[in-house]
2 protein chains.
Amino acid sequence: MRITNQRKIILEELIKCSHHPGADEIYNLVRKSIPRISLGTVYRNLEFLAASGMIKKLDFGNGQKRFDGNIEPHDHFRCVNCNTIEDIPFTMDIMPLDENHMWVKKRIIYGMRLEIYGLCAACSAGK
Amino acid sequence: MRITNQRKIILEELIKCSHHPGADEIYNLVRKSIPRISLGTVYRNLEFLAASGMIKKLDFGNGQKRFDGNIEPHDHFRCVNCNTIEDIPFTMDIMPLDENHMWVKKRIIYGMRLEIYGLCAACSAGK
DNA sequence: CTGAATGCAAAGCCTTTGCATACGG
DNA sequence: CCGTATGCAAAGGCTTTGCATTCAG
């Protein structure tokens with residue numbers, strides 16, 4: 001694995017972010033350090049970093065992929081009132097998968113994508 | 001609401017499907033009945049039907065939207081090998097939400113969007 | 001040195017849209 | 001009749017890719 005400046009800065013910027021930026025936003029962030037970087041390089045490196053397991057590639061279904069420097073497995077909670085997205089810390093504690101269920105036994109589960117929506121702690125306190 | 005032949009056939013084809021086809025597949029299905037239908041019309045009607053709540057528009061993050069004639073709330077299982085998408089019959093049986101968990105108690109849960117991925121029954125049998 | 005990574009630009013894929021025409025109610 | 005829906009084709013947004021050049025190890 002080759003450590004180019006482009007690759008290094010892209011990873012650094014992404015780790016700094018906590019808000020799941022898209023490729024275009026990462027491109028603009030990195031351009032502050034490397035003005036001549038190309039969008040293609042950003043895409044190639046994001047792909048490379050995701051394939052190496054150093055970042056995560058997400059899809060919230062808005063037509064644009066999002067990237068996450070936090071590679072710990074975690075899901076997302078979206079508040080329908082204030083519209084913030086917070087990480088769900090331990091999905092398996094909150095919604096444990098029943099390993100003994102026949103449906104589960106018939107398949108091999110690699111993982112899941114979960115988004116819970118409702119009112120966050122702050123917004124539900126007011127109701 | 002205007003019932004054109006195109007709209008009718010698109011809805012009928014989609015209700016017949018159980019495998020969450022993309023717009024291109026629906027286009028090809030409908031073309032058997034209406035050979036001169038345009039792809040634009042298919043997209044416009046899928047959008048219209050989804051907005052009217054008669055079908056559901058899904059996004060599994062493969063770059064292509066999928067459509068579902070089954071509007072009952074249900075989740076999906078995606079096989080990473082054969083790429084089919086099947087319905088999860090009773091999510092609450094397989095992954096029950098722990099109502100007593102502190103994280104849950106602090107929030108008001110309206111619903112969730114869940115996608116489990118892995119190998120389907122057929123594909124996992126061969127491994 | 002040498003192959004992997006880059007910049008640039010063009011192309012690809014899915015989807016949306018503008019416009020004149022057709023057609024449902 | 002009238003306005004919505006259609007067909008056609010062009011354009012749009014995001015992403016990928018081909019190619020010559022540069023650069024890390």
Side-chain angles (χ1 to χ4, degrees), chain A residues 1-14 17 19-69 113, chain B residues 1-14 17 19-69 76 78 80 83-85 115:
Chain A
M1 148 158 199
R2 207 152 155 178
I3 301 166
T4 61
N5 197 236
Q6 286 85 339
R7 192 162 287 173
K8 191 160 81 55
I9 303 280
I10 287 169
L11 182 56
E12 283 172 8
E13 285 297 338
L14 193 50
C17 284
H19 63 285
H20 317 292
D24 60 332
E25 187 178 344
I26 297 164
Y27 174 57
N28 286 319
L29 288 169
V30 173
R31 269 211 289 187
K32 290 174 189 164
S33 316
I34 314 173
R36 292 185 58 77
I37 195 170
S38 78
L39 190 53
T41 296
V42 171
Y43 272 104
R44 269 184 294 230
N45 275 305
L46 289 170
E47 195 57 45
F48 173 91
L49 292 167
S52 314
M54 305 178 75
I55 66 171
K56 284 207 299 195
K57 190 177 184 178
L58 309 172
D59 195 317
F60 292 87
N62 318 327
Q64 198 197 40
K65 300 281 193 303
R66 305 292 200 103
F67 297 87
D68 196 342
R113 210 167 55 120
Chain B
M1 152 164 195
R2 205 150 153 181
I3 301 166
T4 61
N5 197 235
Q6 287 84 339
R7 191 162 286 173
K8 190 159 81 59
I9 303 280
I10 287 169
L11 181 57
E12 283 173 5
E13 285 297 336
L14 194 50
C17 284
H19 64 288
H20 314 86
D24 60 331
E25 187 179 344
I26 297 165
Y27 173 57
N28 286 319
L29 287 170
V30 174
R31 268 210 290 185
K32 290 174 189 165
S33 315
I34 314 174
R36 291 185 58 78
I37 195 170
S38 78
L39 191 52
T41 296
V42 172
Y43 274 103
R44 270 183 293 228
N45 275 305
L46 290 171
E47 196 58 45
F48 173 91
L49 291 168
S52 316
M54 304 179 74
I55 65 172
K56 285 208 298 197
K57 190 179 185 176
L58 309 173
D59 195 319
F60 295 91
N62 315 327
Q64 199 198 40
K65 301 277 195 305
R66 306 285 203 107
F67 297 87
D68 196 342
H76 295 102
R78 175 170 53 88
V80 300
N83 208 38
T84 53
I85 290 165
E115 180 202 328

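To find a chain, count down the sequence lines: A is the first, B the second, and so on, and within it residues start at 1. All figures in this text were calculated on a predicted structure; none of them were measured in a lab. Keep in mind that the numbers below use all heavy atoms, side chains included, and drop hydrogens, waters and symmetry copies.
With D/dG7, D/dA24, C/dG7 as the choices, the nucleotide that has an atom nearest any side-chain atom of A/Thr4 turns out to be D/dA24.
Within 4.0 Å (heavy atoms only), B/Ile3 reaches sugar-phosphate atoms of the nucleic acid but no base atom. B/Asp24 comes within 4.0 angstrom of no nucleic acid atom, judged by non-hydrogen atoms across all strands.
Taking side-chain N and O atoms only, B/Gln6 has a distance below 4.0 Å to OP1 or OP2 of D/dG7. Residue A/Thr41 has no polar side-chain atom (N or O) positioned under 4.0 Å from OP1 or OP2 of C/dA5. Under 4.0 angstrom from either OP1 or OP2 of C/dT6 there lies no side-chain N or O belonging to A/Arg36. In terms of phosphate contacts, B/Asn45 brings a side-chain nitrogen or oxygen within less than 4.0 Å of OP1 or OP2 of D/dT6.
Residues B/His19 and B/Arg66 have side chains not in contact (no heavy-atom distance under 4.5 Å, counting atoms from C-beta outward). Considering only heavy atoms from C-beta on, B/Glu13 comes within 4.5 Å of B/Ile9 through its side chain. Contact check for A/Ile37 versus A/Ile10: side-chain heavy atoms found under the 4.5 Å cut-off.
Contact of B/Arg44 with C/dG18 (side chain to base): a donor-acceptor pair of N or O atoms is detected under 3.5 Å.
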Check nucleotides 20-23 of chain D against the protein and report each pair of N or O atoms closer than 3.5 Å, with its distance, or say if there are none.
residue: D/dC23; atom: O2; partner: A/Arg2; partner atom: NH2; Å: 2.8

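Computed from coordinates, the B/Lys57 NZ to C/dT16 C1' distance equals 10 Å when rounded to whole Å. Across the protein-nucleic acid pair, A/Leu39 atom CG and D/dT15 atom P stand 8 Å apart, rounded to whole Å. Atom-to-atom, CD1 of B/Ile37 to C1' of C/dA22 comes out at 14 Å; the value is rounded to the nearest Å. Rounded to an integer number of Å, the gap from B/Tyr27 OH to C/dC13 C1' is 16 Å. Atom pair A/Gln64:CD and D/dT16:C1' shows a separation of 15 Å (rounding to whole Å applied). One interatomic measurement links the two molecules: CD of B/Glu47 to C1' of C/dT16, which rounds to 10 Å at whole-angstrom precision. One atom, CG of B/Leu58, and another, P of C/dT15, lie 12 Å apart when rounded to the nearest Å. Between B/Tyr43 atom OH and D/dC8 atom C1' there is a gap of 16 Å when expressed in whole angstrom units.
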Evaluate the side chain to side chain contact (heavy atoms under 4.5 Å, CB included) criterion for residues B/Asn28 and B/Glu25: first the C-alpha distance (whole Å), next the side-chain angles of each, then the deciding distance (0.1 Å), finally the verdict. CA-CA 5 Å; B/Asn28 286 319; B/Glu25 187 179 344; 5.7 Å; no

Before giving the answer on side chain to side chain contact (heavy atoms under 4.5 Å, CB included), spell out for A/Leu46 and A/Lys65 the whole-Å C-alpha distance, their side-chain angles and the decisive distance to 0.1 Å. CA-CA 11 Å; A/Leu46 289 170; A/Lys65 300 281 193 303; over 6 Å; no

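Using a distance-only test at 3.5 Å, with no hydrogens or angles considered, a donor-acceptor pair links the side chain of A/Arg113 to the main chain of A/Asp59. Listed for the B/Arg78 side chain is no donor-acceptor partner under 3.5 Å among the backbone atoms of B/Glu115.
Both A/Gly40 and B/Phe48 lie close to DNA chain D; mapped to their nearest nucleotides by heavy-atom distance, the more 5′-ward contact belongs to B/Phe48.
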